Amino acid sequence: MEIKVSEVMQREDNSLYLKEIEVINYEKVEILNTPDNVVKLMTDVFEINKKISEEIFVIALTTDSKPLHFFRLNRGTVNTSLFDTRGLMISLLLANASTFVIVHNHPSGSITPSKPDIDITQKLNKAAELLGLTFADHIIIGAKGTHYSFMEVYRDLDKV
């Protein structure tokens with residue numbers, strides 16, 4: 001699998017485009033259709049379970065769960081991280097994604113979702129629905145590689 005780490009850039013005429021920052025070859029997982037596959041990739045490639053501050057990634061996917069682009073949305077503090085929902089949706093639309101997964105870490109090791117984690121999951125689910133995108137999951141990864149998947153717990157992000 002080819003992992004394209006990208007970011008949204010702006011031209012002088014204010015039009016937006018995707019810039020590939022890095023391309024990484026990763027052969028251990030072919031598709032990201034399960035939380036376990038996502039966690040495996042995120043811990044192997046980005047070592048998200050070893051970060052000392054919160055980091056949020058969005059993975060833009062095709063309808064069959066093949067990755068198009070990976071975006072690092074933000075690096076936060078030890079227990080919080082913020083990002084712009086509008087910017088996230090722009091990234092997904094520019095990537096021509098039909099589906100996406102949000103992944104972030106909890107450096108404390110606890111994988112229990114915080115109130116802001118729940119709130120952002122609900123907000124992103126509504127935004128995705130309005131834009132015709134599928135919000136496949138929000139996964140929290142702990143320091144030991146354990147994880148919490150909203151989809152595994154709720155089976156439907158409308159129930160969060």
Side-chain angles (χ1 to χ4, degrees), residues 1 3-8 16 18 26 28-49 51 53-77 79-160:
M1 159 188 324
I3 298 170
K4 296 176 185 173
V5 181
S6 306
E7 63 185 22
V8 176
L16 304 176
L18 290 183
Y26 181 74
K28 294 181 182 176
V29 174
E30 287 299 318
I31 58 173
L32 300 177
N33 60 346
T34 66
D36 287 338
N37 283 359
V38 172
V39 171
K40 174 93 176 120
L41 182 142
M42 294 302 295
T43 56
D44 285 355
V45 175
F46 297 100
E47 295 184 313
I48 194 168
N49 57 314
K51 305 289 184 181
S53 59
E54 280 200 18
E55 291 192 16
I56 301 174
F57 288 81
V58 62
I59 307 170
L61 301 166
T62 63
T63 54
D64 57 354
S65 300
K66 292 182 181 171
L68 296 165
H69 294 272
F70 289 70
F71 300 95
R72 179 180 280 121
L73 299 178
N74 195 9
R75 287 188 173 120
T77 64
N79 63 358
T80 188
S81 188
L82 301 171
F83 67 91
D84 174 38
T85 303
R86 179 179 173 272
L88 180 151
M89 293 300 160
I90 288 170
S91 299
L92 292 169
L93 293 172
L94 286 171
N96 200 27
S98 58
T99 304
F100 68 99
V101 173
I102 297 293
V103 182
H104 82 277
N105 64 317
H106 279 182
S108 68
S110 170
I111 56 172
T112 303
S114 65
K115 172 83 167 97
D117 292 336
I118 293 166
D119 292 345
I120 198 64
T121 301
Q122 293 170 337
K123 184 177 180 179
L124 289 175
N125 195 45
K126 289 177 187 171
E129 188 176 309
L130 287 172
L131 293 173
L133 299 171
T134 300
F135 183 14
D137 206 348
H138 178 176
I139 300 170
I140 301 168
I141 299 177
K144 295 179 182 169
T146 56
H147 73 273
Y148 180 97
S149 159
F150 280 83
M151 208 48 163
E152 284 179 336
V153 173
Y154 292 96
R155 298 287 176 216
D156 181 347
L157 294 181
D158 287 332
K159 296 178 182 175
V160 174

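Predicted model only: the values in this text are computed from it and were never measured.
The nearest pair of heavy atoms linking H69 to A95 is CD2-CB, 3.6 Å. Taking each heavy atom of G142 and I111 in turn, the nearest pair found is N-CG2, 3.4 Å. Across every non-hydrogen atom of T121 and F135, the tightest pair is O-CE2, 3.5 Å. Listed here is the closest heavy atom pair of L124 and F100: O-CZ, 4.4 Å. Nearest approach of D137 to P35, heavy atoms of both residues: OD2-CG, 3.6 Å. The two residues S91 and V8 have their closest heavy-atom pair at OG-CG2, 3.3 Å.
Aromatic ring orientation, H138 versus F150: parallel (interplanar angle below 30°, classes split at 30° and 60°).
A salt bridge links D119 to K115: at least one charged side-chain nitrogen sits closer than 4.0 Å to a carboxylate oxygen.
Rounding to the nearest 0.5 angstrom, the gap separating the OG1 atom in T112 from the CD1 atom in I118 is 9.5 Å. Expressed to the nearest 0.5 Å, how far CG of N125 lies from OG1 of T134 amounts to 9.5 Å. The CD1 atom of I102 lies 5.5 Å from the CG atom of L73; values are rounded to the nearest 0.5 Å. Within the model, atoms OG of S98 and CG of L68 stand 7.5 Å from one another, a figure rounded to the nearest 0.5 Å. Rounding to the nearest 0.5 angstrom, the gap separating the CG atom in N37 from the NZ atom in K40 is 10.0 Å. One finds the CE atom of M1 at 12.5 Å from the NZ atom of K28 (value rounded to the nearest 0.5 Å).
P113 is listed as a side-chain neighbour of I140, based on a closest heavy-atom distance under 4.5 Å. Between H147 and V38, the closest side-chain pair of non-hydrogen atoms is not below 4.5 Å. Contact annotation: the side chain of L32 never approaches that of V101 to less than 4.5 Å [non-hydrogen atoms, C-beta and beyond]. A heavy-atom distance below 4.5 Å is found between the side chains of I120 and T85. Considering only heavy atoms from C-beta on, R72 stays 4.5 Å or farther from V5 through its side chain. For the pair E54/P107, a side-chain contact is recorded, criterion being any heavy-atom separation below 4.5 Å from C-beta on. Here the side chains of T146 and I141 are not in contact, with every heavy-atom distance at 4.5 Å or above. Side-chain contact between M42 and I59: present, with at least one pair of heavy atoms (C-beta onward) separated by less than 4.5 Å.
Ring centroids of F57 and F71 are separated by 6.0 Å or more, keeping the two rings apart.
H104 and D117 are linked by a side-chain donor-acceptor pair at a separation below 3.5 angstrom, with hydrogens and angles left out of the test. A donor-acceptor contact under 3.5 angstrom links the side chains of T62 and D64, judged on distance only. No side-chain N or O of T43 forms a donor-acceptor pair with one of N49 less than 3.5 Å apart.
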Full working for side-chain contact (heavy atoms from CB on, under 4.5 Å) between D44 and V29: CA-CA 10 Å; D44 285 355; V29 174; over 6 Å; no
Check against side-chain contact (heavy atoms from CB on, under 4.5 Å), L88 and I56: CA-CA 11 Å; L88 180 151; I56 301 174; over 6 Å; no
Hey, mind stepping through M89 and L92 against side-chain contact (heavy atoms from CB on, under 4.5 Å) and telling me if it holds? CA-CA 5 Å; M89 293 300 160; L92 292 169; 4.1 Å; yes
